[in-house]
Amino acid sequence: MAEPWWRDAVVYQVYLRSFADADASGEGDLPGVRSRLPYLADLGVDAIWLNPFYPSPMHDSGYDIVDYCGVDARFGTLEDFDILVRDAADLGIRVIIDIVPNHCSSQHPWFREAMGAGPGSEARKRFIFRDAPNNWQSLFGGPAWTRTPDGQWYLHLFDSTQPDFNWRHPDVVALFDQVLRFWLKRGVAAVRIDMANTLFKERDLPDLPSASTAAPYYDQPELRSLYRSWRRILDSYPSDTFPGPRGAVAEIWFSDPDIARLYLTKDGLPQVFNFRLMLVPWAAADLRAVIDEARGLVAESGGSMPWVLGNHDITRMVSRLGIDQALIRRPSAALRRGAVEVDIPRGTRRARAAVLLQLALPGAAYLYQGDELGLPEYLAIPDDRRKDPTFHRTGGAAIGRDGCRVPMPWSGNAPPYGFADGPVPTWLPQPPDWAALTVAAELSETGSMLQLYRAALLLRREHPALGDGEMTWVESSNAELAFTREPGFEFMANLGDSPAPLPAGCRVILASGPLDSGRLPADTAVWLDRAV
Ligand code: GLC
């Protein structure tokens, strides 16, 4: 039987609000994505994942949802969505959407009803209301409870405008069954499940004894049967346009592989994101360890863990790889204080090597919009233009995620760089110095980041050794990462300080940067053909 498509798909994350603005409103929209489909097809991706486009007051950039089966007017209409799915399919591109089941918007009709209905009411049972809060903190900073005018408190693991659902209530289960079916019928190829590990909370909501203990809102056992039932729903909608089943990828931030094991079950959600490459220092031993851990998890479970190097929640790759790597796990506060030097040229060299690593590893890959241009984190956004609730809820101590969400530069020398037609102010400001990082500029610059991505994606499609499958480490020095894949492929990266010799009898088919008289310079990676 053929492997399901998602096992080696390359998925491009479209951060809708910042991708392309067709109606000159300063925010991206669905017709904007449609107009840029040829760009995505030329880049060579198999699918796009759209961040939430549902009606929302946008307190958390669309992750605060009022209607799970609609499209916010700022992004277009349901018809625009249908047209996008159809046109993408014509170019061989699948569409993946975001499902946000942990919480809704405080403007959602159910929450408004609950607020009006008062303590003890049926309407409040769809959420988590209590007479007194426990000691949980919001993942965005500040307390996880907000007091209502009648004295009760409601739980929100995120912003106070994002009340958590009570997943032990049958209405909540039924709502999301219906939401999944609604979008599957409209032709989505897969769903990304937001915060897939927090839906259930321990029943009596115990205090968290210390910051280092497993929080009682993660990984509760009921998730297993819920995801089994979602898998059955997915499998009951054979795809009409593309061959193969519908997919689902769970957003789970884990550091302990046993946590990933809870989700990588044969009958549960078929994929769990692998964020580990983003969270370890740029060092051969660290990367090898997380790669081996994932290979083990995939082999034992038969599941799939797409590799991720960037997304809308994490400091941009070229900036992340350009700072002191001891800070890699939590760069936010240091970046905010300006307490860390960001070496963009170095980060860019490493990012180029990192993407060749990502695309050579067995399995699927997610690319984040703008990483193919090498966009850095925009650190100089004025405080009064910042939107991320994490910035505001920490009183500005955390820099927040706005810097990786800046509208895409497409062309031209000044904002809005072709993001919108005409000189509209964009919802987040763009830096004044991105003229060399636009799509148009990089398309005409030999060796640009965009050219590297295009070459790598083309080769990945054509080379029989790439995509899903096996890999074998090659013995190398501590500063290098090298592995082979059959037939005839070898990957090598130099993460040390001085040039390293390339293996004999190999031909370079792609390099992340210039070679040094046949040697591999520091922070450089190559794809090699061993068949010569
Ligand atoms: C996920 C999203 C993030 C959002 C949060 C709350 O982590 O990726 O952007 O803020 O969930 O929905």
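Atoms within each ligand, like the ligands themselves, are counted from 1 in listed order.
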(request) Apply salt bridge (charged side-chain N to carboxylate O under 4.0 Å, His left out) to the pair D159 and R393, showing each step before the final yes or no. (result) CA-CA 8 Å; D159 188 48; R393 290 182 62 89; 3.4 Å; yes
(request) Assess whether salt bridge (charged side-chain N to carboxylate O under 4.0 Å, His left out) is satisfied between R336 and D383, documenting all intermediate values. (result) CA-CA 11 Å; R336 169 70 183 154; D383 287 359; 3.0 Å; yes
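Ring to ring, F19 and W410 are close: their centroids are under 6.0 angstrom apart. The aromatic ring centroids of W183 and F81 lie less than 6.0 Å from each other. For W5 and F242, the gap between ring centers reaches or exceeds 6.0 Å. Between W167 and F176, the ring center distance clears the sub-6.0 Å criterion.
Looking only at heavy atoms of the protein, atom 10 (O) of ligand 1 is closest to D60 OD2, 2.6 Å. Among all protein heavy atoms, the one lying closest to atom 7 (O) of ligand 1 is E251 OE2, 2.8 Å.
Each of the atoms 9 (O) of ligand 1 lies under 4.0 Å from some heavy atom of R405. Close approach of ligand 1 to R192 is summarised as follows: ligand atoms under 4.0 Å from at least one heavy atom of the residue are 2 (C), 8 (O). Heavy-atom contacts of R401 reach the following atoms of ligand 1: 3 (C), 4 (C), 9 (O), 10 (O) (cutoff under 4.0 Å). Those atoms of ligand 1 with a heavy atom of M195 less than 4.0 angstrom away are 7 (O), 11 (O). For ligand 1, the atoms lying closer than 4.0 Å to a non-hydrogen atom of H103 are 6 (C), 12 (O).
A heavy-atom separation below 4.0 Å is not found between H59 and ligand 1. In this structure, F140 has a heavy atom closer than 4.0 Å to ligand 1.
Taking any N or O of W253, backbone or side chain, none lies under 3.5 Å from an N or O belonging to ligand 1.
When the heavy-atom distances from atom 12 (O) of ligand 1 to I314, D194, D313 are ranked, the shortest goes to D194.
Here the rule is salt bridge (charged side-chain N to carboxylate O under 4.0 Å, His left out) with E113, and of K125, R124, R126 only R126 fits it.
In this structure, R246 is not positioned above the aromatic face of Y237 in the sense of NZ or CZ being under 6.0 Å from the six-membered ring centre and within 45° of the axis.
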